[in-house]
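Accompanying notes for the structure given below.
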Amino acid sequence: MNQEIFTINNLWMMVATILVFIMHLGFASLEAGLTRAKNTVNILFKNTIIPAIGLLTYAFIGFNLMYPGDDFAGSFIGLAGIGITLPEGWDTFAYNEGYTFFTDFIFQAMFAATAATIVSGAVAERVKLGPFIFFSILYVGICYPIVGMWKWGGGFLDSMDIPFYDFAGSTIVHSVGGWAALVGAFLLGPRLGKYTESGMKAIPGHNIPMATIGVFLLWFGWFGFNGGSVLTADPGTVSRVFVTTAIAGASGAFGALIASYLKFKTYDITMVLNGILAGLVGITAGADLMGVGEAAIIGFIGGTLVVFAVVFFDRIKIDDPVGAISVHLIGGIWGTLAVGLFGDLAGMQQVLSQLIGIAVVGAFCFATSWLIFFSMKKTIGIRVDEREELEGLDINEHSMQAYPDFASKN
Amino acid sequence: MNQEIFTINNLWMMVATILVFIMHLGFASLEAGLTRAKNTVNILFKNTIIPAIGLLTYAFIGFNLMYPGDDFAGSFIGLAGIGITLPEGWDTFAYNEGYTFFTDFIFQAMFAATAATIVSGAVAERVKLGPFIFFSILYVGICYPIVGMWKWGGGFLDSMDIPFYDFAGSTIVHSVGGWAALVGAFLLGPRLGKYTESGMKAIPGHNIPMATIGVFLLWFGWFGFNGGSVLTADPGTVSRVFVTTAIAGASGAFGALIASYLKFKTYDITMVLNGILAGLVGITAGADLMGVGEAAIIGFIGGTLVVFAVVFFDRIKIDDPVGAISVHLIGGIWGTLAVGLFGDLAGMQQVLSQLIGIAVVGAFCFATSWLIFFSMKKTIGIRVDEREELEGLDINEHSMQAYPDFASKN
Amino acid sequence: MNQEIFTINNLWMMVATILVFIMHLGFASLEAGLTRAKNTVNILFKNTIIPAIGLLTYAFIGFNLMYPGDDFAGSFIGLAGIGITLPEGWDTFAYNEGYTFFTDFIFQAMFAATAATIVSGAVAERVKLGPFIFFSILYVGICYPIVGMWKWGGGFLDSMDIPFYDFAGSTIVHSVGGWAALVGAFLLGPRLGKYTESGMKAIPGHNIPMATIGVFLLWFGWFGFNGGSVLTADPGTVSRVFVTTAIAGASGAFGALIASYLKFKTYDITMVLNGILAGLVGITAGADLMGVGEAAIIGFIGGTLVVFAVVFFDRIKIDDPVGAISVHLIGGIWGTLAVGLFGDLAGMQQVLSQLIGIAVVGAFCFATSWLIFFSMKKTIGIRVDEREELEGLDINEHSMQAYPDFASKN
Amino acid sequence: MKKIEAIIRTSKFEEIYTCVSGLGVKFLTFYEVKGMGMEHARQQTYRGVAYEPTYIPRTKLEIVTVEELVEPVIDCILKMGKTGEVGDGKIFIYEALEAYRIRNSDTGEIAL
Amino acid sequence: MKKIEAIIRTSKFEEIYTCVSGLGVKFLTFYEVKGMGMEHARQQTYRGVAYEPTYIPRTKLEIVTVEELVEPVIDCILKMGKTGEVGDGKIFIYEALEAYRIRNSDTGEIAL
Amino acid sequence: MKKIEAIIRTSKFEEIYTCVSGLGVKFLTFYEVKGMGMEHARQQTYRGVAYEPTYIPRTKLEIVTVEELVEPVIDCILKMGKTGEVGDGKIFIYEALEAYRIRNSDTGEIAL
Ligand SMILES: Nc1ncnc2c1ncn2[C@@H]1O[C@H](COP(=O)(O)OP(=O)(O)O)[C@@H](O)[C@H]1O
Ligand SMILES: Nc1ncnc2c1ncn2[C@@H]1O[C@H](COP(=O)(O)OP(=O)(O)O)[C@@H](O)[C@H]1O
Ligand SMILES: Nc1ncnc2c1ncn2[C@@H]1O[C@H](COP(=O)(O)OP(=O)(O)O)[C@@H](O)[C@H]1O
């Protein structure tokens, strides 16, 4: 180890941090684009405030919960303290060969908010703003770091004989968000008019260009999300991760294109966009383990799965306006499993460990998010009233419109 | 110093350059989003041509005005020559350990245009295109570099016993733009129908998603704006700057959220967006001096200030469609002062130096921008005529519409 | 050579890769913005699927066609194999001092798709989706890499006594796309109602903000496109390329601004946007050979040319909705020639080599794209029927709308 | 032949349409209009400035039909369009002299 | 003085306008309306759910003109507006009592 | 009971509205229409091609009111809507047979 390599590694980690940051704009654009114009200010508001929440709560407690230090190795929960305190030699490779303490913190902090952003898409167009913000604070500030600690903080998932493997967070990040998205969408119930006696109604997203911008920005940021998870600038590993990430996204697009065309006989761009994301979520757990061919297969299956998942959740009347559950939960589970099926770690043993990880994380996230949402539902309420939903959340929660100069179609 | 570190430093400075570049798209989107659809082509036109002006004038004269060299140390103005001439060993660490001459130039050039971009928001929806472009050329080409030289070029502000401190330009960049924004908005007068006998009218921005995209891109670019101002890739300093920048933006969002909710009883996303920017402008002067807590306080106060500032300027009938004066001038002054109140340099002496810097820069920018705008006002005129303003600048100055396929509401 | 420098170089190449990736969003936004709302889903769909096609075909065969290895030095075509196989020491500077094998592949793969993206703009609003996708697969997967091999793969253009010079692809990338754009637009014929007995009709783009976002993102990505083409992080060369790239774009804006104002007496932002791109395309071939002044001249002429080119192609009734032919073909030819007229290689001999390169590449691309488009035209057909074109491709090819909530003007 | 014009709450359109089509009114035309009346629009706020759109978006319904159907159609609208709140809207009746079906130049009541 | 209202296919507006202006009808007003009728809108699909916009976008034409021109104008619309397909639309005729030109307060037929 | 339809310059709406409401006309309906007439739209240019939108955006005003108010309302519109330039628009008067208030089924003049 030397100062040069340390500086390079740290530089890459900082660049990766910025790339993960811009993913929040990706989520904001995608979710705004796939919902209705009358709820656009609301969804943008949520996606703007969530990263702020993530950064602040992570500084206050999240980071210490997620990386409590070796004393808590193998355990379920730990806490290193409150707030940010600089350790000895925080800015030298004595701290870590890949990054300074501050780089470490900020890179992780950018990840944190992601979990809540995923949820905001699934509960869009009907959730009350206040309760959702409250949920986000708890979920990002406490639930996410606890789960993260289990694996990345050296917790019990990391110290199994055959450790659970999740390179950049198919489970630790995406499923964590996906489970809460599932719970939230279920407890809220569908948007008015989505499932009627006369059958299911389509509620088209109002701005496809924004949705497209969102997915490209997410893909763009994903190179930092996965590439940064190498935690150094090691040429071989990072470039391998770049290739698997790019290929999985591309084949995810084709998986969804083919599946949706066969199923619906139409070229549905929103499915292709979801497919790209599902491919990316899918490769996230094993981005450093796969070859080009394996990445292509994982992405393709991820993209295919998302189409069936969207249809499935609609069938069971769980209304997810942007497909967040299909992309992040289903895609995340698939990607986590794929580590046992393909690539350097493939093996029955590994599949088992992966299943354990999926299960415990699922149980914990389902339980905690249910607890938070359900207790709010029974008290302050989590859903806007009917009139507000019909008129739109923008005018009611924000007394504002997203597009005051444009005439609306209906 | 060695070639490796030099190459790393230079790489980071180049990446930072690109990040600052994209801030111009951030400004373009934000300003377009917070103004009306009928003036969108005009505001985009200005924000597209300004970076071009900045790059060209800076190459022609700006860079030489801002960095005239040691002969002019401690002075008020200097000029190294005209155009770009490569010094001996421009591409080695003999020139500078952090960057080559070309990197130095292009990083600084990207900063230059910012000053004018800030103004374009405040004078939006009523300023004549020609005169504004003329102003931009003079202000970016001459006024900005002169002020910059005072501090960053080794001028008198830098050689005071207790030097004025402005890490990345709360005053040198943002206030410089802010002062001209104030003068421009004042000399132009408010938009028609903004302040009537029957009281103040709201003129809602036409595209909140664009405004949101703009602020995220600005935040994104700010990591290069502040991070690049370290002028090397030093792991400790740059990562520290990343953290303070991120935290200040986040707490700025909360400052504005809370202040605006208490004041207006509504969740106004445009205020939250302004708050993020005010937090970022606020931390800019001392991004390398603060800890996490201090950054949070500075950002929070910045975000709070912007809400009151917006109300204040409305009260005194200075019409600033996008809040540029509140964000960049008020935020810039606050951030510059904060260097004396918090962090490594805190102290009464420093406060004094900061006040001196704020004052002289303010006096100079106010005077020069007044001179330019006022003389144009008295001659060619700076404001479009009433009919043009009512019909919109797009159709009149550009004989074009931004959204020809969409029906307008009124 | 040492591990440190290798790691730095590779890091820059990876960052450049991401920057080139985001150019695809730039193209998507620009093309969507300059066409009509009723065809927006279609153009976004094409621009989303093209990068996916590019990445997958390039992995399958493109890379091996473009870099067949030394055995094929000086020849017209070669093939190293099928799919991606890692060479010995692929992740060390034994492979290349600038990048690992995977970095090499992914950087090149991101370039590949560009060629087809250029075409999609010129054939927009009337081409059938299926045939266009089929064309893209063939053109990106086979035609582009063959041409690329001629120069960058060590083919015959590279082994002339005075080798043809094309630093980052004015000809190899942009003209390759431009020629196919010309053929496609010609074989399709103009959009209905574009050229009528009563003269030429304007068909305004529906979303100028999107077009502006697109061009800024392209410029942003261009720093990776040109800067990455240095193939190392060499401080001097890369920073020089940054400066020439920035200056050429800026002066391209002014070239177009002045030319279009003189010609049309109006400030047409779409021309300024095209001018920026023409300036960038123009500098691409010699970005590492020019000084600041030369870059300014090349960019300015490029920006001026594009205005006359747009008018010219309209006059000969070749309907190019976004100006892709003018920007990429005319701009590409100009930039390639400029290498012989300005900068380090200027000279009659070089002009000759450049002309040879332009000619052979032109002949090949014209022929192959004609072959593909024409044979499809005679069989499956390449143009949607009249009713579909009038109603819009979105509703017909995708049974979807891009903006279902907005009332349309007509 | 009469023309029935009704200014209704946009939210009530569905119900009214179902009702009138139940009467055998197969054709109608409607569009968005802006109303000034007793009802006031919800207040909005932008950057601290409260304001109230002067008008209320409403839907205008046009049905040209035969005498016999006028009463029933009016009843539909009165019944289905009513909330009892200010803002329910109005119905106006006019005389229509003639009608033509463009498709086949039918005229008179069969053209309705 | 009569008022001619026609609900036509938006795509037919140009031809109809050329025809009526040929008759010397210099003035007319038109706007987008939504129609419910025999014709059904093209089906759309979003994320696997097929749906059909309930209405069809159409253009409504309003021409107030003198008796002599009523017939010719109707003929124009019937001729030019026709495709023979369901969805061609309708024409309705009403009595207009008076007309004023705001510019100069002209009233009566010269105001048309 | 009469129906007053006026096609006015959108920019004149405010003044006209203030004037008629001064007369005690509490209700009116208006919407955007497109006009073809003497006035020509401002020319636009796109990528070197000049073009002129064929129509002019205008506002259409509808007021159904009692006989006594017809004259005064017309005067308001003629006075306030006038610029003297081509393009000021027109006013048309029609007979209205009946009116209903949906809220409470009032009919006749009290329903206006
Ligand atoms: N006399 C009228 N002429 C034209 N439009 C009218 C008239 N009366 C009512 N309207 C329209 O009907 C809408 C509903 O009126 P409203 O405020 O509901 O009165 P009400 O007290 O009867 O509910 C108004 O906004 C206006 O658009
Ligand atoms: N009686 C009516 N009252 C109001 N609008 C009508 C009436 N008849 C037809 N229309 C309008 O004309 C449009 C065209 O009707 P259409 O479906 O073409 O019937 P047709 O079978 O005569 O072609 C309808 O969508 C509707 O908007
Ligand atoms: N006879 C008419 N029938 C329908 N609309 C009319 C008629 N006359 C005028 N208009 C409408 O009024 C608008 C104003 O007409 P305008 O060009 O101002 O004529 P003038 O010469 O009276 O000012 C026209 O654009 C058209 O929309």
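Quick note on labels: first sequence line is chain A, next is B, and so on, each numbered from 1.
Residues from residues 83-91 of chain B that place a non-hydrogen atom less than 4.5 Å from a non-hydrogen atom of chain C comprise B:Ile84, B:Trp90, B:Asp91, given in numerical order.
Contact count versus chain C (heavy atoms, under 4.5 Å) is highest, among B:Ile49, B:Val15, B:Thr7, B:Thr40, for B:Thr7. Heavy-atom pairs under 4.5 Å with chain C were tallied for B:Phe107, B:Phe102, B:Tyr99, B:Phe105; the largest tally goes to B:Phe102. Chain C forms more heavy-atom pairs under 4.5 Å with one residue of B:Leu44, B:Thr103, B:Leu55, B:Ile106 than with any other, namely B:Leu44. Residue with the most contacts toward chain B among C:Ile8, C:Thr266, C:Val292: C:Ile8 (heavy-atom pairs, distance under 4.5 Å). Among the candidates C:Gly227, C:Pro235, C:Gly33, C:Gly236, the residue making the largest number of heavy-atom pairs closer than 4.5 Å to chain B is C:Pro235.
At a 4.5 Å heavy-atom cutoff, the contact between B:Ala59 and chain C is made by side-chain atoms alone. When heavy atoms are compared at a cutoff of 4.5 Å, B:Met400 approaches chain C solely by way of its side chain, counted from C-beta outward. Of the atoms belonging to C:Val238, heavy atoms from both backbone and side chain fall under 4.5 Å from chain B. Both the backbone and the side chain of C:Val243 have a heavy atom closer than 4.5 Å to some heavy atom of chain B. In this structure, chain C has no heavy atom under 4.5 Å from any part of B:Asn9. Within the 4.5 angstrom heavy-atom criterion, only side-chain atoms of B:Leu11, from C-beta onward, approach chain C.
Here C:Phe242 contributes atom CZ and B:Met14 contributes atom CE; the two are 5.0 Å apart, rounded to the nearest 0.5 Å. Rounding to the nearest 0.5 angstrom, the gap separating the CD atom in B:Gln401 from the CG atom in C:Asn207 is 12.5 Å. In this structure, CZ on B:Phe21 lies 11.0 Å from OG1 on C:Thr245, to the nearest 0.5 angstrom. Rounded to the nearest 0.5 angstrom, C:Ile276 CD1 and B:Thr48 OG1 are separated by 6.0 Å.
Closest approach of B:Met110 to C:Ala246, counting heavy atoms only: CE-CB, 4.2 Å. The two atoms that bring B:Leu56 and C:Ala250 nearest to each other are CG-CB, 4.0 Å, heavy atoms only. Across every non-hydrogen atom of B:Ala402 and C:Pro209, the tightest pair is O-CD, 4.1 Å.
A centroid separation of 6.0 Å or more is found between the aromatic rings of C:Phe406 and B:Tyr403.
Donor-acceptor pairing under 3.5 Å is recorded for the side chains of B:Glu4 and C:Asn2.
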Under 3.5 Å donor-acceptor pairs involving side-chain atoms of residues 211-225 of chain B, not counting sequence neighbours:
unit_1: B:Thr212; atom_1: OG1; unit_2: B:Ile208; atom_2: O; d: 2.9
unit_1: B:Trp222; atom_1: NE1; unit_2: B:Thr284; atom_2: OG1; d: 2.9

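For the pair B:Asp405 (side chain) and C:His206 (backbone), a donor-acceptor distance under 3.5 Å is absent.
Counting non-hydrogen atoms of other residues, nucleotides and ligands closer than 6.0 Å to CZ of C:Phe342 gives a total above 12.
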